[in-house]
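Naming convention: chains lettered A, B, ... in sequence-line order (proteins, then strands); numbering from 1 in each chain. Since this is a predicted model, take the numbers as computed values, not measurements.
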Amino acid sequence: MSYTIWILLTATLVGINCGLVGTFLVLRKMSMLSDAISHSVLLGIVGAYMVSHQLQGVSMLIGALLVGLLTTFLVQLLHQKGVQSDAAIGVVFTCLFAIGVVLISLFADRVHLDVEHALMGEIAFVPWDVLEVCGQSIGPKAIWLLGFVLAINIFVIVFAYKELKISSFDREMAITLGIPVVLIHYVLMGMLSLTTVASFDSVGAILVVAMLIVPSATAYLWTDRLSVMLICSATIGVLASAIGYMGATAFNVSISGAIAVSTGVIFFVSLWIAPKSGLLWKWIKKSPA
Amino acid sequence: MAHAALPGICIAFLLYGQKSLLVFLIGAACSGYIATVCIQFIVKHTRIKEDAAIGIVLSVFFGLGIVLLTWINQHEGGNQSGINDFLFGKAASLTGSDVNVLTVTAVTMIITILVFFKEFKIITFDRAFAQGIGVPVSLLNGVLMFLIVSVVVIGLQAVGVVLMSALLITPALAARYWTEKLEWMTLLAGVFGALSGLAGAYMSLITYVPTGPLVIIFATALFLFSFLFAPKRGLCSKIIRRHVERKKLRVKQLMYERGEQL
């Protein structure tokens, strides 16, 4: 398959993954936590490298999962002890990120991880980093990683759809129904960490945040139903990555940046034309016919 | 805020053509202001909550900034090394003139805060009251915003994008544990920031590790120390106080029980 298709496929997978997880983040008002986890995951990647001495998929996923859960746990702890939640997030993730950067510069000089790379990502190099089985290439590593995470995400969402739904919309009711709310919170954060680390290497930390929040918020403008919102936000993610990639090749600029911008453009358009909550319709309704 | 400043800096660079702190500052202030307006607009006119709105605006602005940055790298050539350093921060690459700028900013900051201290205090704690007694709230808000943006832009080149936000939050949060008064909190936050900067830079000289992260680690250590050991609000003193109260209560209960028996 050609270069372009692999990149598009990667971006599409990132879009679907982030769209699914992001929906729950937006509904639970935890958008800033995604920013935090996308940065602190760096520590997980470095830690995994130091333990296993390779940048392979599985060890990276485990490291990121652990650090993601650690971030969530620390934020929760500080918040319970009376620190404001946004300040708690700010302290925890910057500290973990700083430790990650220090560890990189101390022990892992030879790895291709650097801060710039982490922030911006290099989706353009994805097709060359192929996975080989029995000497035969079966497609880029990133695609397998993303596909694997997507399978996990879909499995969890289908399996625990009702629980996720109730605990996102009405926490008190979920508790009285005996749904393990705290467990679900950590499962969701685990999914977020996995998604982030899988997307991280190919698209960078900032784009992960853009892809998590913006398509889901856009979908939130379009619909009131959770199931529709999930599909809608995944579709918007895919659409944005296609538009972004075309824009990036046309103007020869950073692909991940262009995708982030195109999610912004889609959001802006939806802000006006979305049914019911769109500003244009509101404005027409208000002015006397 | 640090992320939203990026496109402004890039546009300023495109228009002006070379690295200049003042022009960057103006550009960053403009795009930071636009970002704030966008966030308020989204929160006001849709049902999207504030945290999601901040996430949307910041990440899209940063994406735009990166697009512009790669555009600059391709079209301007040669001159872009300065702007890269500027964004990711290298304390070691600071020159004498940068230090001068930093000193001037610090002094301006201190003077502004001293002059407007009462007004800042009122609008921070009770905005409606400030409006009621005729304090120009939106103007002062603008001044405060401008202070934040200029600190961020100038600090960027010393410690980089991510760590800038940490330096804004962590020392202030640590100071909060030691005092209830804004005067002391401001002073303490400044001292904590200076201490962690000093310690971080010194450690970085010894261990050859980047300065920025070390500064943040020291700031976080200070925060943890305050969180655990501060008098009154710290975790340890709370536990001790609870223990003492419990003992007192037990003694009282014991006395009541004895009293009933007699």
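- Contact of Leu173(B) with chain A is made through the side chain alone, with heavy-atom distances under 4.5 Å.
- The neighbour count for Phe41(B) CZ, taken as heavy atoms of other residues, nucleotides or ligands under 6.0 Å away, is above 12.
- Interatomic distance, Ile56(B) CD1 to Ser216(A) OG, rounded to the nearest 0.5 Å: 9.0 Å.
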**OP:** Go through the steps for Phe97(A) and Ile216(B) under the test side chain to side chain contact (heavy atoms under 4.5 Å, CB included), then give the verdict.
**Re:** CA-CA 9 Å; Phe97(A) 185 76; Ile216(B) 301 310; over 6 Å; no
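- Residues meeting the side-chain contact (heavy atoms from CB on, under 4.5 Å) test with Met191(A), sequence neighbours left out: Val21(A), Asn153(A), Val156(A), Ile157(A), Val187(A), Leu188(A).
- Among all heavy-atom pairs drawn from Ser59(B) and Ala260(A), the shortest one is O-CB, 4.2 Å.
- When the candidates Leu212(A), Val214(A), Val265(A), Thr218(A) are compared by the number of heavy-atom contacts under 4.5 Å with chain B, Val214(A) comes out ahead.
- There is no contact between Phe218(B) and chain A, counting heavy-atom distances below 4.5 Å.
- Of all the heavy atoms in Ala98(A) and Ile217(B), the pair that sits closest is CB-CG1, 4.0 Å.
- The CD1 atom of Ile42(B) sits 9.5 Å away from atom CZ of Phe268(A), with the distance rounded to the nearest 0.5 Å.
- Looking at heavy atoms from C-beta onward, Phe223(B) lies in side-chain contact with Leu78(A) at the 4.5 angstrom threshold.
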